[in-house]
**Student:** 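Could you have a look at this structure, given as structure tokens, before my questions?
Chain letters run A, B, ... following the sequence lines, proteins first and then strands; every chain starts at 1.
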There are 4 protein chains.
Amino acid sequence: MSSASLTPRKAPRQARAVATVEAIAQAATQLLRENGLAAMTTNAVAARAGVSIGSLYQYFPNRDALMVELIRREQRGHVERVRAALVLCEELDLEATVRLLVRAAMGHHRADALLASAIDHEEARLPVDAIIAETLAEGGALLMHLFSRFRDEIGPLDPARAARTLPALVRSVVDAWANLAQSELEVAEEEAVQAVLGYLCIYRRLAA
Amino acid sequence: MSSASLTPRKAPRQARAVATVEAIAQAATQLLRENGLAAMTTNAVAARAGVSIGSLYQYFPNRDALMVELIRREQRGHVERVRAALVLCEELDLEATVRLLVRAAMGHHRADALLASAIDHEEARLPVDAIIAETLAEGGALLMHLFSRFRDEIGPLDPARAARTLPALVRSVVDAWANLAQSELEVAEEEAVQAVLGYLCIYRRLAA
Amino acid sequence: MSSASLTPRKAPRQARAVATVEAIAQAATQLLRENGLAAMTTNAVAARAGVSIGSLYQYFPNRDALMVELIRREQRGHVERVRAALVLCEELDLEATVRLLVRAAMGHHRADALLASAIDHEEARLPVDAIIAETLAEGGALLMHLFSRFRDEIGPLDPARAARTLPALVRSVVDAWANLAQSELEVAEEEAVQAVLGYLCIYRRLAA
Amino acid sequence: MSSASLTPRKAPRQARAVATVEAIAQAATQLLRENGLAAMTTNAVAARAGVSIGSLYQYFPNRDALMVELIRREQRGHVERVRAALVLCEELDLEATVRLLVRAAMGHHRADALLASAIDHEEARLPVDAIIAETLAEGGALLMHLFSRFRDEIGPLDPARAARTLPALVRSVVDAWANLAQSELEVAEEEAVQAVLGYLCIYRRLAA
DNA sequence: TATGAATGAGTGTTCATTCAT
DNA sequence: CATGAATGAACACTCATTCAT
């Protein structure tokens, strides 16, 4: 439909340029979080970032290209957060590990419902399959490593499938229980953990 | 923020007025499905519905009010679809029942990723808590009735929790596998069924 | 410019029709008083009057025709108010008479700044010269009668001129001191009386 | 009611920006003068000014803000015109001075009835008390200086009152006689001069 | 006659994008 | 390279007016 490129117009070479791109991405994320898609106008982003609108267009050929960059960063953030969590739980058992991963996801999504659903909608609209595929590949690798530790407890799983299903599962449960009072967050965590453990079929093996 | 009402401006009294409101809602849904939030402009909706823009504003005081009506219809649709499916599977066992419910959800969501995420984002932005609460209550009642049939096979569940968690769970898995080739739809169905059955702890009882 | 007639579409013959026209004029005046020109939409007038928009257009061919009717009523009201006041002050001396007339004008204009300026602006825009000429003629006759009572105290005046100048003079002073606290209304009255008496040259004769 | 700011959105920094703002204000005044409030649409203003509608909104956050700017200019214009006239009549006697001031006001108002009543109506609707107060203060100072020259001829006056009453008085008389044929303009001038001199009580002193 | 659903040109306003400086 | 003034298509929404019922 639109023939305009969605890739950044040029890679920032100088340090100052890197900082500019960083400021733009940060500003866009803030605006998205605070007031949703409608608030992320290119002029507002430039103003919040402290750069001129002209500069923004130096680095991003159009609004969608900026959006794609945000999606890229969000995806990378997901992977890194999981990678970090996995380091922390190398000694833990399966349930504790799952609980820790769920808690990490919750900490990120709670009160960010607007940002999350905004990015979701733009993911559905923009051609970002390649970016998501990359995330899935990296996530799959991480999960494969994790599953190998618990291969005796969980059912027979296809890591490629699980890498796609599990994050969605966690996110949806967290979202569904999102804007709750602090006192009920434990319920959300419990539900998510139960869903994940259930999906992992830990009881099926026991039953066999 | 905005003090404008989000309730319909007036109820259609004459028959042709009912048809007008219906056409508007249909047109809005179509546009959302085809090109996302940005395509659902009030003028485009009126044009697609074959009515004048003035007529749209006779019944909806603003764009958000129309959006709220779409959310209301979507929620009601979810409930009715589940209610219908439950009638069809009164004789089936648990796994078959779950599979049928999942299939119903898939039929609706496949290729509707844009519509779904659009409505999601607007739900996060608009004050529709009351509408969602009503859906949860009705859905909870339906599930409670369903669970009673399988009380010997599933783990101990809080129906109020399950009414919130289960639909989110199905939807997210379906969404995550949404824009796939026909050949892989079976995978999506398999994943969703496994997630639901896992959440329902059917294997835990076997293990006991 | 616009060739549409500004005269009422038809004289109301039945009693019910008279009541309808009356209700419409009342409603329009209320809306003008409350929120100015922008609030006097034909639909709002019909709703406030409790008649359908179709009925409004039965009696007034367009919005300007309604506006002209309001101007006509306002002008007639001015004349009648002066006529009534003159009856009350047949025994009073000049200054007391002027004060009474000023007070009548003030009672009418205070807190009606929006209505007054709205009608003013429409008078400037619409072809209502004939209506205003009629008012001036009637007002001139009244003043001539009044002046004859005080012919020994006031300077040589052309009643035709005075009929145009004096009302404007009173109104402007009242307007200029309009939205004042109750405590300062006396000041406004004093200023208006002084202006009128000054214009009437009562001191010139004394000086002669 | 409306919380939107009525102050200019940003001060023009570059020279061409100053020209843009000036062109917008000029165009708005022209349209008001020619066809009244209804003609002063933002799009018409931009077109007449020869700038894009976007440029108008760079400098004025909304239509009312532009209107406020026009009121500000009108008020400032009144003051400056009086100030200029006062310089010209430093040698003249009281009646000649008044006549000159009245003539200045007439030159401005004649054939501008639409502009004047439009601004009047908007002054009644918009929160411009501060602007008007400033005008009154400056005008009062000018009058005080003028009165001191004629303190022996005029009655005892409160300059603060006179600063409010006198301009209103002149304006209303001029307005009342506004759309007259050239031949009758002398009448209007005569009436206004008589009203002002009368208000100033010049004959009262003679009578004492 | 009275009704009110329907109309659509026209309003105020926004915002992605360009380009002269 | 950076700036920010300028652009104008497109948006949400209004309202005088018509006309089938």
Side-chain angles (χ1 to χ4, degrees), chain A residues 4 10 12-14 16-17 20 38-47 51-64 66, chain B residues 4 10 12-21 38 40-47 50-66, chain C residues 4 10 14 16-17 20 38-47 51-64 66, chain D residues 4 10 12-21 38 40-47 50-66:
Chain A
K10 63 184 171 189
R13 300 196 195 171
Q14 305 176 4
R16 185 172 49 145
T20 298
M40 202 201 87
T41 69
T42 51
N43 282 281
V45 169
V51 304
S52 72
I53 183 63
S55 289
L56 188 154
Y57 278 88
Q58 292 273 338
Y59 296 104
F60 299 97
N62 50 53
R63 203 196 98 120
D64 282 354
L66 171 53
Chain B
K10 67 179 174 189
R13 297 191 201 175
Q14 304 179 3
R16 82 178 149 159
V18 175
T20 297
V21 168
M40 201 201 89
T41 70
T42 51
N43 283 284
V45 168
V51 303
S52 73
I53 183 63
S55 288
L56 189 156
Y57 280 92
Q58 293 263 350
Y59 299 103
F60 300 98
N62 49 55
R63 204 197 95 121
D64 282 355
L66 172 54
Chain C
K10 63 183 171 189
Q14 305 176 6
R16 186 171 48 146
T20 298
M40 203 201 87
T41 70
T42 52
N43 281 282
V45 168
V51 304
S52 72
I53 182 65
S55 289
L56 189 155
Y57 277 88
Q58 291 272 337
Y59 296 103
F60 299 97
N62 50 53
R63 203 197 97 119
D64 282 354
L66 171 54
Chain D
K10 67 180 175 188
R13 298 192 200 175
Q14 304 180 5
R16 82 176 148 158
V18 175
T20 297
V21 168
M40 201 201 88
T41 70
T42 52
N43 282 282
V45 169
V51 303
S52 73
I53 182 61
S55 287
L56 190 156
Y57 280 91
Q58 294 263 347
Y59 298 103
F60 300 97
N62 48 56
R63 204 198 95 120
D64 282 355
L66 172 54

**Student:** Does any non-hydrogen side-chain atom of D:Leu66 lie less than 4.5 Å from one of D:Met40?
**Tutor:** yes
**Student:** Once you apply a heavy-atom cut-off of 4.0 Å, does C:Phe60 come out as touching a base, just sugar-phosphate, or nothing?
**Tutor:** nothing
**Student:** Within this structure, what is the CD1-OG1 distance for the pair C:Ile53 and C:Thr41, rounded to the nearest 0.5 Å?
**Tutor:**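 The OG1 atom of C:Thr41 is 8.0 Å from CD1 of C:Ile53, to the nearest 0.5 Å.
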**Student:** Say you draw a straight line from CZ of A:Arg63 to CG of A:Leu56; how long is it, rounded to the nearest 0.5 Å?
**Tutor:**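 Spacing of CZ (A:Arg63) from CG (A:Leu56) equals 11.0 Å.
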**Student:** Closer than 4.0 Å, any side-chain N/O of B:Thr20 to the OP1 or OP2 of E:dA5?
**Tutor:**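 No.
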**Student:** Nearest whole Å is fine: how far is E:dA16 P from A:Leu56 CG?
**Tutor:** 10 Å
**Student:** What pair of heavy atoms forms the shortest contact from D:Thr20 to D:Tyr59, and how long is it?
**Tutor:** CG2-CE1, 4.1 Å
**Student:** Can you name the closest pair of heavy atoms from C:Ala39 and C:Ala44 and give their distance?
**Tutor:**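 Minimum heavy-atom separation between C:Ala39 and C:Ala44: O-CB, 3.9 Å.
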**Student:** Any chance you could list the contact pattern along nucleotides 14-21 of chain F? Use B for base contacts, S for sugar-phosphate-only contacts and - for none, protein heavy atoms under 4.0 Å, 5' to 3'.
**Tutor:** BSBBB---
**Student:** So what is the 5' to 3' dot-bracket string for DNA chain E, if pairs are Watson-Crick or G-U wobble with both distances under 3.5 Å, crossing pairs use [ ] and | means the partner sits on another strand?
**Tutor:** .||||||||||||||||||||
**Student:** I'd like to check C:Phe60 versus C:Thr42 (side-chain heavy atoms, cut-off strictly below 4.5 Å). Are they in contact?
**Tutor:** no
**Student:** Could you tell me whether the phosphate oxygens of F:dT7, OP1 or OP2, come under 4.0 Å of any side-chain nitrogen or oxygen in D:Ser55?
**Tutor:** yes
